[in-house]
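Take a look at the structure set out below.
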Amino acid sequence: MKILVTGGTGYIGSHTVVELQQEGYEVIILDNLSNSVIEVTDNIEKISGIKPEFHKIDLCDEAVVNEFFKDRNDITAVIHFAAFKAVGESVNDPLLYYRNNVTGMINLLNALEANAINKFVYSSSCTVYGEADSLPVTENSPVKKAESPYGFTKQIGEQILTDLSKISGMKTIVLRYFNPTGAHDSSLIGELPIGIPNNLVPYITQTAIGQREILTVNGNDYDTPDGTNIRDYIHVVDLAKAHVIALKRMLDGKDENPLEIFNLGTGNGNSVLEVINAFEFVSGMKLNFRIGPRREGDVVSIYSDTKKANEILGWKAERDLNDMMLTSWNWQKRIGKK
Ligand code: NAD
Ligand code: UFG
């Protein structure tokens with residue numbers, strides 16, 4: 001039983017590949033290495049003992065995608081991670097994001113239809129909820145107007161799959177991630193941000209290791225207990241395990257609708273200052289940070305209602321914020337100032 005993982009050398013994809021292999025699935029990775037490196041496959045092998053089959057393919061290249069699927073009848077299901085994910089970059093270059101995330105996905109889905117591959121797990125994001133009217137957000141909370149082209153590509157992806165599920169035999173599980181962080185316990189795989197990180201945790205660890213001078217907290221005048229934004233940080237290994245459970249649910253025919261949606265978070269909201277405190281606690285270091293102005297586009301607070309994922313998917317996050325900070329820090333120490 002082979003599972004195709006697009007974006008499988010990326011951050012969340014690589015952790016998912018390891019979990020899949022450890023559950024006995026044979027994995028094929030398809031990635032164009034636009035935001036990852038081939039050495040990840042060696043590190044996956046070091047963890048699981050199995051080198052995944054790898055194909056360097058750009059999903060935007062329709063002819064190459066079709067050629068890949070031609071004569072292949074060994075793929076049972078697809079987990080689709082491949083996409084660009086930088087919010088700010090998407091604002092500056094929307095066409096790049098629509099082309100990569102939407103055209104790439106359409107090429108993939110066309111090829112799946114042509115080859116009768118009908119099980120699909122999709123990486124979505126809590127960004128679809130925007131500034132939620134009430135917290136925690138459930139899967140039925142309204143999808144708000146997207147704040148960025150990136151966010152819109154996630155909504156378009158969900159809509160395409162919803163439309164498809166009504167007329168084709170495609171079965172889909174949409175997973176809406178909250179804020180993924182942390183790294184594998186082995187420190188062999190983790191997040192590799194290219195350039196200056198936008199995200200909080202890589203910025204913290206790069207500051208601690210001396211690659212960045214100081215972390216700026218984006219505003220402390222929000223209507224939250226300590227004035228900083230609240231997010232639901234989720235360990236990447238917990239997230240990876242949810243993909244294996246979602247896949248198994250479809251393979252076992254336990255899914256109840258052609259398209260199902262699950263929030264993937266811990267259900268806990270933590271402020272930026274709480275994340276910094278947790279980092280300082282596990283690392284024993286004092287982090288150099290200052291309070292700066294608000295960042296445009298940030299929602300004040302968001303965290304998940306996990307009831308549906310807990311009860312229906314049968315998945316629950318197990319790892320806490322300290323664990324996320326410790327594994328992120330161990331990973332940063334292993335890669336150094338990269
Ligand atoms: P990542 O950049 O580490 O991984 C994405 C992988 O996809 C990379 O290896 C990249 O080379 C590959 N890729 C991109 N475009 C491609 C294309 N056209 N053809 C083939 N390969 C391509 O990102 P990640 O953090 O692992 O995110 C994975 C998925 O999860 C993305 O769809 C992202 O939108 C979604 N997501 C991420 C977050 C987050 O904070 N990391 C939050 C919510 C949702
Ligand atoms: N923050 C800082 N300083 C920094 C970086 C971030 O204070 O240097 C703050 C942000 O302002 C925010 C919090 O830390 O309050 C978290 O910011 P991130 O950029 O780490 O995460 P976001 O919640 O903004 O966005 C992330 C992903 C998006 C995704 C979204 C929802 O980056 O791709 O979660 O899933 F869409």
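We use all heavy atoms of the structure for the numbers below, so side chains are in, but hydrogens, waters and symmetry mates are not.
- A 6.0 Å sphere centred on CE of M1 holds no more than 12 heavy atoms belonging to other residues, nucleotides or ligands.
- Clustering of Ile, Leu, Val, Met, Phe, Trp and Tyr by side-chain heavy atoms under 4.5 Å joins L96 with F84, V87, Y97, Y150.
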Quiz item: Between E39 and N43, does a side-chain hydrogen bond (donor to acceptor under 3.5 Å, both in side chains) hold up when you go through it step by step?
Solution: CA-CA 7 Å; E39 290 73 23; N43 290 334; over 6 Å; no
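- Within a 6.0 Å radius of NZ in K254, no more than 12 heavy atoms belonging to other residues, nucleotides or ligands are found.
- Open room surrounds CD1 on I196; 12 or fewer heavy atoms of other groups in view lie less than 6.0 Å from it.
- More than 12 heavy atoms of other residues, nucleotides or ligands sit less than 6.0 Å from atom CZ of F68.
- Results of the side chain to side chain contact (heavy atoms under 4.5 Å, CB included) test with V5 over L30, V121, V78, V27 single out V27 as the only residue that passes.
- Summarising the local packing, CG of D223 is surrounded by 12 or fewer heavy atoms from other residues, nucleotides or ligands at distances under 6.0 Å.
- Environment of CZ in R72: crowded, with over 12 heavy atoms of neighbouring residues, nucleotides or ligands closer than 6.0 Å.
- The shortest non-hydrogen separation linking S328 to T181 is OG-OG1, 3.6 Å.
- Here the side chains of V17 and I29 are in contact, with some heavy-atom distance below 4.5 Å.
- The backbone N or O of I261 sits less than 3.5 Å from a side-chain atom of K308, completing a donor-acceptor pair.
- By the 4.5 Å heavy-atom criterion applied to side chains, P193 and Q206 are counted as neighbours.
- Annotation: side chain of L215 is in contact with side chain of L200 (closest heavy-atom distance under 4.5 Å).
- One finds the CD atom of E139 at 10.5 Å from the CD atom of E260 (value rounded to the nearest 0.5 Å).
- Here the CZ atom belonging to F152 is positioned 5.5 Å from the OH atom belonging to Y98, to the nearest 0.5 angstrom.
- Grouping Ile, Leu, Val, Met, Phe, Trp and Tyr by side-chain contacts under 4.5 Å, direct or through others, puts V300 with Y222.
- With a 4.5 Å cut-off on side-chain heavy atoms, D185 and T327 count as touching.
- Of all the heavy atoms in T266 and Y233, the pair that sits closest is CG2-O, 3.3 Å.
- Note: N263 CG to R176 CZ = 7.0 Å, rounded to the nearest 0.5 Å.
- Classified by interplanar angle (parallel below 30°, tilted 30° to 60°, perpendicular above 60°), the ring pair F120/H80 is tilted.
- N199 places no side-chain N or O within donor-acceptor distance of the main-chain N or O of V201, the cut-off being under 3.5 Å.
- Atom NZ of K248 sits in a sparse spot, with 12 or fewer heavy atoms from other residues, nucleotides or ligands closer than 6.0 Å.
- Expressed to the nearest 0.5 Å, how far CG of N270 lies from CD1 of I230 amounts to 8.0 Å.
- Residues I204 and L287 are in side-chain contact: their nearest non-hydrogen atoms beyond the backbone lie under 4.5 Å apart.
- Residues G190 and Y11 approach most closely at C-CD1, 3.5 Å, considering heavy atoms.
- Residue K2 qualifies as enclosed at atom NZ: its count of foreign heavy atoms under 6.0 Å is above 12.
- Listed here is the closest heavy atom pair of V128 and S124: CG1-OG, 3.9 Å.
- Counting heavy atoms from C-beta outward, M285 and E280 have side chains that stay 4.5 Å or more apart.
- Among the candidates Q332, E191, K333, the single residue satisfying the side-chain hydrogen bond (donor to acceptor under 3.5 Å, both in side chains) test with T205 is Q332.
- No side-chain donor-acceptor contact under 3.5 Å links N330 and S187.
- No donor-acceptor pair closer than 3.5 Å links the side chain of S165 to the backbone N or O of M170.
- Contact between I117 and T76 at its shortest, heavy atoms only, is CG2-O, 4.1 Å.
- Counting only distance, with no hydrogens or angles, the side chain of N229 and the backbone of S301 share no donor-acceptor pair below 3.5 Å.
- To the nearest 0.5 angstrom, D255 atom CG is 12.0 Å from I312 atom CD1.
- Here the CG-OG distance, from L264 to S123, works out to 9.5 Å after rounding to the nearest 0.5 Å.
- Proximity of T41 to E45: side-chain heavy atoms (C-beta onward) are nowhere separated by under 4.5 Å.
- Remark: side-chain polar atoms of E67 are not paired, donor with acceptor, to backbone N or O of E62 under 3.5 angstrom.
- Counting heavy atoms from C-beta outward, K316 and T306 have side chains that stay 4.5 Å or more apart.
- Taking the six-membered ring where tryptophan is involved, the planes of Y177 and F81 are tilted, since the angle between them lies from 30° to 60°.
- Under 3.5 Å, the side chains of Q22 and S48 contain no donor-acceptor pair of N or O atoms.
- Side-chain contact check for T228 and N220: no donor-acceptor pair (N or O, by modelled atom type) lies under 3.5 Å.
- Judged by distance alone, the side chain of D238 and the main-chain N or O of R319 form a donor-acceptor pair under 3.5 Å.
- Between D31 and L33 the shortest heavy-atom distance is OD1-N, 2.7 Å.
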